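So the structure is just underneath, and the comments pick up after that.
All values reported here derive from a predicted model rather than from experimental measurement. The chains referred to below are lettered A, B, ... by the order of the sequence lines, with proteins before strands, and numbering in each begins at 1.
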2 protein chains.
Amino acid sequence: MKLKEFAKQLGLSPTTVSRALSGYPEVSEKTRKRVAEEAVRLGYRPNINAVRLVTGRAGAIGVVMGRNEFQFSEFMSGMAERLDSEDIDILVSPVADHDMKAELQLYSRLATSGRVDAVIIHSPKPNDERILLLHKLGIPFLVHGRSETNVPHAWLDIDNEGAIRRATSHLLDLGHRRIALINGRDGLTFTLHRDKGYREALEQRGLPFDPRLVTHGQFTDEIGFRSARSFLEQSPRPTAFVAGSMMTALGVYRAVRSVGLVVGKDISVIAHDDVFPYLTADNMVPSLSTSRSPLRAAGARSADLTLQLLTGRPATEIHELWPVELILRESTGPAPEA
Amino acid sequence: MKLKEFAKQLGLSPTTVSRALSGYPEVSEKTRKRVAEEAVRLGYRPNINAVRLVTGRAGAIGVVMGRNEFQFSEFMSGMAERLDSEDIDILVSPVADHDMKAELQLYSRLATSGRVDAVIIHSPKPNDERILLLHKLGIPFLVHGRSETNVPHAWLDIDNEGAIRRATSHLLDLGHRRIALINGRDGLTFTLHRDKGYREALEQRGLPFDPRLVTHGQFTDEIGFRSARSFLEQSPRPTAFVAGSMMTALGVYRAVRSVGLVVGKDISVIAHDDVFPYLTADNMVPSLSTSRSPLRAAGARSADLTLQLLTGRPATEIHELWPVELILRESTGPAPEA
DNA sequence: TTGAAAGCGGTACCAC
DNA sequence: GTGGTACCGCTTTCAA
């Protein structure tokens, strides 16, 4: 059913029908109501591609996801929550990890092809080429995370620095002195922020920073296991771990057990938790102390902010830093006597 | 840069340029090459929405994802691998779990709005309303999984029945007699197939089926833990578990440990593994025996088959059943003496 | 408050 | 092999 045909059936002009459906003020209430009802009854829906062509809007937000990021479904679910009521799609473009060239090409394509009205990017670096490119391309974008590029950009981030500072401080309060940090991929802003939070906590106590107590890598159980194992071989060994993700924590738990130690007694563990429905810190044994920040909520808010961007709110105004909760469970305890 | 403008710069007509770029045969090789080069140089890209309007193609494949499905990133990465070379997007529509009404509405919208050329649906039921609806709507679709609706439809599935039959048989071979199955959500085809495979293995040995040894639920660590715990309270307790996913297996491991038993010795465990980069069966302690089927590959192939569907291959011809490997590791061992 | 008509940026038919 | 032009289905100015 096309507009013309539909309009004819109603005895109206296409113009009026279009206006009625789009909620223009000049249409009489009676007409609007009739049009709306008939549209449902006769099943008329505007052809989205025609609308897009004529309005120049794509009606979609692009999300570029790294291929190995299990967190994605959660973020996107959040986005969907917010976008459900709008007529806006989520366009997902997975891109191979670590292939910056391919990723940059992707943005050019997305921007110039008019598939999306805006883009959300993840895991930025302090000096991120993608941000420069997107700015140059003139396409609205939101950064999930932060960057230090002086190009103006909208962002939403969690307080990684504060989260890890507090986690580390708490461990220090418990008497731990050798605390290992299993951090994210090197060079990413959130990794740097976490490193910073960790160092700050040490500094506050006048404790020295030991680079041998920090590793960087993807959030996988394997990296968690390997890092923890190699830390545990040190002498003296650390008595506490700060882990970058739930998956990392799984590896850490295993590593601790594999050398005959007990999490929460011999070794304390705090991990960052994005809150996944399928893997719960509370259910781990012992239950896992976490710095906690629901990724789903971040997804919803990111969609919301992107929408604001699209309605003209300046990117420079859109900066949101979310606090992170510290939730203490059984995996943290006083440092064992030396 | 628009076609008209671009064509003028080349001293050609829009028609010729369009043909050259779309690879029509009647354009001379020389012209085609020149046009292609200049397009890159001047940065001309056809406006996708205009193309879509005029061709009637959406240039996108829709994927409807349940909100709590961590497997999704992996499947989509696979899709992207295949779609990278095509000019086809992935449109993701997350939908609340268990909200069939919302989901059906979503399909109607997707189909009638012309946003997507085809849809991929997941986790079908034997008699799935979505399949009926999509068929009625006349939009091409591929089912990831299987259904028993007599509506013709393309599908790609793994041999869940065979996988669980073999897993169970293997445990029986090892002398286990009380084997518990922690299965997926009730009513879904793959869950039924797994139930069936489990029963078949028992039948082959003439062993009775005990409904108290089977649970159904989402693939979460929590369900894995709870199910396993309640199984372990039975007397006599099962000596082996077949778990529906890696997340479930995490819960099972925990449950076993929490009652002072040892996986691989007191209790054998086999889980189904979709192969995630961030959670590896081999890294678990003890390493986890699995029925294994890479979801990423399924995603790539699903995209491929959907493309075939779009080029006219009849849905009734597209049925693919993938075998599942059984990989034995340390979590399975002989049944302990009674 | 309603309608006629000119595009939006391409594709593809039909002529040359 | 190349070009003119009528659409694709809608929105939006302009006029009534």
Side-chain angles (χ1 to χ4, degrees), chain A residues 1-36 38-39 42-60 87-89 109-117 310, chain B residues 1-36 38-39 42-60 87-89 109-117 310:
Chain A
M1 168 91 59
K2 314 172 191 225
L3 174 58
K4 217 170 161 180
E5 191 182 340
F6 177 56
K8 189 170 288 173
Q9 296 212 20
L10 291 187
L12 289 168
S13 73
T15 314
T16 304
V17 172
S18 170
R19 282 200 275 240
L21 254 22
S22 312
Y24 274 52
E26 60 263 59
V27 180
S28 80
E29 195 45 51
K30 205 169 63 185
T31 310
R32 178 198 320 297
K33 210 178 141 203
R34 187 162 76 93
V35 172
E38 289 295 288
L42 297 172
Y44 168 73
R45 305 227 47 182
N47 176 309
I48 189 103
N49 293 320
V51 174
R52 286 173 177 176
L53 174 59
V54 73
T55 60
R57 271 178 273 118
D87 205 28
I88 297 205
D89 298 322
R109 266 183 34 209
L110 279 175
T112 60
S113 70
R115 283 167 213 276
V116 295
D117 296 314
L310 253 22
Chain B
M1 166 92 59
K2 313 169 193 232
L3 175 57
K4 218 168 161 183
E5 192 183 338
F6 177 55
K8 190 170 287 173
Q9 296 212 19
L10 291 187
L12 289 168
S13 73
T15 314
T16 303
V17 172
S18 172
R19 282 201 275 240
L21 254 23
S22 312
Y24 273 54
E26 60 262 61
V27 180
S28 80
E29 197 45 53
K30 205 169 64 185
T31 310
R32 176 195 322 295
K33 209 177 141 204
R34 188 163 77 92
V35 171
E38 290 294 290
L42 298 172
Y44 168 72
R45 305 225 46 181
N47 176 310
I48 190 98
N49 292 320
V51 174
R52 285 172 177 176
L53 174 58
V54 73
T55 61
R57 271 177 273 118
D87 206 27
I88 297 204
D89 298 322
R109 266 183 34 206
L110 279 175
T112 59
S113 71
R115 281 165 215 276
V116 295
D117 296 313
L310 253 22

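To the nearest 0.5 Å, atoms OH (A/Tyr44) and CD (A/Gln9) are separated by 12.5 Å. In this structure, the separation between CZ on A/Arg45 and CZ on B/Arg109 is 6.5 Å, given to the nearest 0.5 Å. Between the CD1 atom in A/Ile88 and the CZ atom in A/Arg57 there is a gap of 8.5 Å [rounded to 0.5 Å]. Rounded to the nearest 0.5 Å, atoms CD1 (A/Ile48) and CG (B/Asn49) are 9.0 Å apart.
Partners of B/Ala58 by side-chain contact (heavy atoms from CB on, under 4.5 Å), not counting sequence neighbours, listed by chain and number: B/Asp117. For A/Val35, the side-chain contact (heavy atoms from CB on, under 4.5 Å) partners two or more places apart in sequence, or in a different chain, are A/Phe6, A/Leu10, A/Leu12, A/Val17, A/Ala20, A/Leu21, A/Thr31.
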- Task: Kindly indicate, with the supporting measurements, whether the criterion side chain to side chain contact (heavy atoms under 4.5 Å, CB included) is fulfilled by B/Arg115 and A/Arg52.
- Result: CA-CA 11 Å; B/Arg115 281 165 215 276; A/Arg52 286 173 177 176; 3.6 Å; yes
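If A/Leu53 and A/Val27 are placed on DNA chain C by their nearest nucleotide, the residue sitting closer to the 5' end is A/Val27. Taking the nucleotide of DNA chain D with the nearest heavy atom to each of B/Thr31 and A/Lys2, the more 5' of the two is matched to B/Thr31.
With contacts defined as side-chain heavy-atom distances shorter than 4.5 Å, the pair B/Leu42/B/Met1 qualifies.
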All N/O pairs under 3.5 Å across the protein-nucleotides 12-16 of chain D interface:
from	atom 1	to	atom 2	distance (Å)
D/dT12	OP2	A/Tyr24	OH	2.4
D/dT12	O4	A/Thr15	OG1	3.4

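Rounded to a whole Å, the CG atom of A/Asn49 is 12 Å from the P atom of D/dT11. When rounded to the nearest whole Å, the span between NZ of A/Lys4 and C1' of D/dC7 equals 11 Å. The interatomic distance linking B/Asn47 (CG) with D/dC8 (C1') rounds to 13 Å, in whole Å. Counting to the nearest Å, the C1' atom of D/dT11 and the OH atom of A/Tyr44 are 10 Å from each other. Rounded to an integer number of Å, the gap from B/Glu29 CD to D/dT2 C1' is 16 Å.
An end-to-end axis angle of 30° holds for the helix from C/dT1-D/dA16 to C/dC16-D/dG1, taken from five base pairs per end and rounded to 10°.
Under 4.0 Å is where a charged nitrogen must lie from a carboxylate oxygen, and between B/Glu5 and B/Lys8 no such pair does.
When all heavy atoms of B/Ala7 and B/Pro14 are compared, the pair lying nearest together is CB-N, 3.7 Å.
Within the nucleic acid shown, A/Arg32 has no heavy atom closer than 4.0 Å to any nucleic acid atom. Residue B/Phe6 is out of contact with every strand shown, counting any heavy-atom pair closer than 4.0 Å.
For residues 11-27 of chain B, the pairs satisfying side chain to side chain donor-acceptor pair (under 3.5 Å) are B/Ser13-B/Thr16, with sequence neighbours left out.
Taking the 5' to 3' direction, DNA chain C first and last meets chain A under 4.0 angstrom from a heavy atom at C/dT1 to C/dG9.
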